[in-house]
Number of protein chains: 2
Amino acid sequence: MTSLPVVNQPPHRCGALLDHLSRRMRLRSESVLAPLGLRPRHLIALTVLRDLGGSSQQDLAKILEMDGTNVVGLLNDLETENLIERRRSPVDRRRHVVELTDVGVKLLVRAEFALAAVEDEVLRGLSDEQRETLYELLHQATSKTEAEACTEAVTRPTC
Amino acid sequence: MTSLPVVNQPPHRCGALLDHLSRRMRLRSESVLAPLGLRPRHLIALTVLRDLGGSSQQDLAKILEMDGTNVVGLLNDLETENLIERRRSPVDRRRHVVELTDVGVKLLVRAEFALAAVEDEVLRGLSDEQRETLYELLHQATSKTEAEACTEAVTRPTC
DNA sequence: TATTGTTATACTCTATAACTATA
DNA sequence: TATAGTTATAGAGTATAACAATA
């Protein structure tokens, strides 16, 4: 009875590392996006809107995990720059349907190009294959629990 | 010449997902840590200090990727609660040597126990094996580029 | 009455500049 | 002169409460 039983060790805690890497990515992204007049927050919103092909402000708030009141200001910024459009929903006039404009789509492409360089730098400790694995794990971790956040049906996997 | 050459596709962008998951982890962590009188920031500082076995404030700022001025306030909080100690370095009296107290070590253990539950919830979309892979990728990504951030030699891999 | 979006506001987080004490 | 830490402060991020329009 001297040998210990084989047990499943609990996985390491990822929280601190996640915070750390995310922080670095955000810091670097800020300086790259500033010349385009965007903040990281703006870019994430634009990306989500393109992937969804439009959204109500409330759903957007849930997806971004932001307070709805702050989404208002965020969209005000983007609307001032003609990057998004707010239209009243015809089926429920309380709602706004938020969509990218052509200008928004084009700026988003430019921003993504700039951000690719940032990722190359921040994630240069990983091989391309490892980066792909990281992407898949992050995607799976975020999308699995997303259904609870979105009350309205959003069909795209990006949610 | 109709068949396309096999090329390495560029890896997906991880930035948005990283931000998203990190955000969720932080939001959940806040509510769990609040009863202990801690904020996520405090916990990360305590964890780093334990792993390093002590640090100057400047090195701590580099490791946490925080501005040095904000580290002052952070350590003030922790010192008020007797979780850390600041001592003048005998070799360079400009510096403080920051170390955990016994109280700090004990509270850190309690906090980590609470945070384990948060990780289980936030990462429940991943299997234990996938979580371990995620940890290793995050660890590798952060530690590879850490040498540049820390001018002073810090021997522990946690840096 | 409940929901969507909005405004006003307070609180936290973060960064910049000026100061002190040591080197 | 340069560095470690501190203070004061301004800006950005975030959350809460009250309100208008609509359901």
Side-chain angles (χ1 to χ4, degrees), chain A residues 19-20 22-31 33-34 37-45 49 54-80 84-99 150-152, chain B residues 19-20 22-31 33-34 37-45 54-80 84-99 150-152 154:
Chain A
D19 183 86
H20 196 179
S22 163
R23 188 182 195 74
R24 296 237 301 256
M25 191 76 83
R26 184 177 52 75
L27 287 170
R28 306 296 187 284
S29 299
E30 275 170 1
S31 51
L33 292 176
L38 295 174
R39 300 183 158 282
R41 193 128 307 239
H42 296 138
L43 192 85
I44 293 179
L49 283 173
S55 165
S56 76
Q57 296 189 193
Q58 206 170 0
D59 285 349
L60 196 56
K62 284 174 195 152
I63 294 170
L64 297 175
E65 301 229 35
M66 280 179 68
D67 194 282
T69 60
N70 300 319
V71 171
V72 174
L74 185 63
L75 293 178
N76 286 348
D77 293 343
L78 298 174
E79 199 172 37
T80 302
I84 61 124
E85 244 180 11
R86 279 191 261 219
R87 293 183 291 101
R88 283 283 166 197
S89 165
V91 300
D92 183 345
R93 289 188 44 74
R94 290 174 302 182
R95 296 192 173 198
H96 278 156
V97 175
V98 185
E99 279 179 347
C150 303
T151 52
E152 305 279 317
Chain B
D19 183 87
H20 195 178
S22 162
R23 187 181 196 74
R24 295 236 302 254
M25 191 76 83
R26 185 176 52 74
L27 286 170
R28 306 296 186 285
S29 298
E30 275 170 0
S31 52
L33 292 176
L38 296 174
R39 301 183 156 282
R41 193 126 310 233
H42 295 139
L43 192 84
I44 293 178
S55 165
S56 76
Q57 295 189 192
Q58 207 169 0
D59 285 350
L60 196 57
K62 284 174 195 153
I63 294 170
L64 297 175
E65 302 229 33
M66 281 179 69
D67 194 281
T69 61
N70 299 319
V71 171
V72 174
L74 184 64
L75 293 179
N76 287 347
D77 293 344
L78 298 175
E79 199 172 37
T80 302
I84 60 123
E85 243 180 11
R86 280 192 260 219
R87 292 182 292 101
R88 283 282 166 195
S89 164
V91 300
D92 183 344
R93 289 188 43 75
R94 290 173 303 183
R95 296 192 173 200
H96 278 156
V97 175
V98 185
E99 281 179 345
C150 303
T151 52
E152 306 278 319
V154 181

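By convention in this document, chain letters (A, B, ...) are assigned in the order of the sequence lines, proteins followed by strands, and residues within each chain are numbered from 1.
For the pair A:V91 and A:M66, nearest-nucleotide mapping onto DNA chain D gives the more 5' position to A:M66. Residues A:R26 and A:L75 both approach DNA chain C. Their nearest nucleotides, taken by heavy-atom distance, put A:L75 toward the 5′ side.
Neither OP1 nor OP2 of C:dT3 sits under 4.0 Å from any side-chain N or O of A:R94. Within the structure, a side-chain polar atom (N or O) of B:R41 is placed less than 4.0 Å from OP1 or OP2 of C:dT14. Phosphate contact (OP1/OP2 of C:dT14, side-chain N/O of A:R23, threshold under 4.0 Å): present.
Residue contacts shown for B:D67 include a base, since a base heavy atom lies under 4.0 Å away. Backbone-only engagement by B:L27 is indicated by non-hydrogen atom pairs under 4.0 Å involving sugar-phosphate atoms exclusively. The residue B:R86 sits close only to the backbone: its heavy atoms come under 4.0 Å of sugar-phosphate atoms, none of a base.
Atom pair B:Q57:CD and D:dT7:P shows a separation of 10 Å (rounding to whole Å applied). We find that CZ of A:R88 is positioned 12 Å from C1' of C:dT3, with the value rounded to whole Å. Distance A:L33 CG to D:dA12 C1': 15 Å, rounded to the nearest Å. We find that CG of A:N76 is positioned 16 Å from C1' of D:dA12, with the value rounded to whole Å. B:L74 places its CG atom 14 Å from the C1' atom of D:dG5, with the value rounded to the nearest Å. The distance between atom CZ of B:R39 and atom C1' of C:dT12, rounded to the nearest whole Å, is 7 Å. Between the C1' atom of C:dT16 and the CD atom of A:E30 lies a distance of 15 Å, rounded to the nearest Å. Put simply, CG on B:L60 is 13 Å from C1' on D:dA4, counting in whole angstrom units.
Heavy-atom neighbours of B:R93 CZ from other residues, nucleotides or ligands within 6.0 Å: at or below the threshold of 12.
Across every non-hydrogen atom of B:T80 and B:N76, the tightest pair is OG1-O, 2.7 Å.
Proximity note for B:R93 (side chain, C-beta onward) versus C:dT22, D:dA23, D:dT6: the nearest is C:dT22.
For a distance-only test at 3.5 Å, the side chain of A:T69 fails to qualify as a donor-acceptor partner of the base of C:dT7. Between the side chain of B:N70 and the base of C:dA15 there is at least one donor-acceptor pair of N/O atoms closer than 3.5 Å.
In this structure, A:L49 and A:E99 have side chains that are not in contact, with every pair of non-hydrogen atoms separated by 4.5 Å or more.
Rounded to the nearest 0.5 Å, atoms CG (A:L43) and CG (A:L33) are 5.5 Å apart.
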Begin with the C-alpha distance, continue with both residues' side-chain angles, and end with the deciding distance and a verdict on side chain to side chain donor-acceptor pair (under 3.5 Å) for A:R95 and A:Q58. CA-CA 9 Å; A:R95 296 192 173 198; A:Q58 206 170 0; 5.1 Å; no
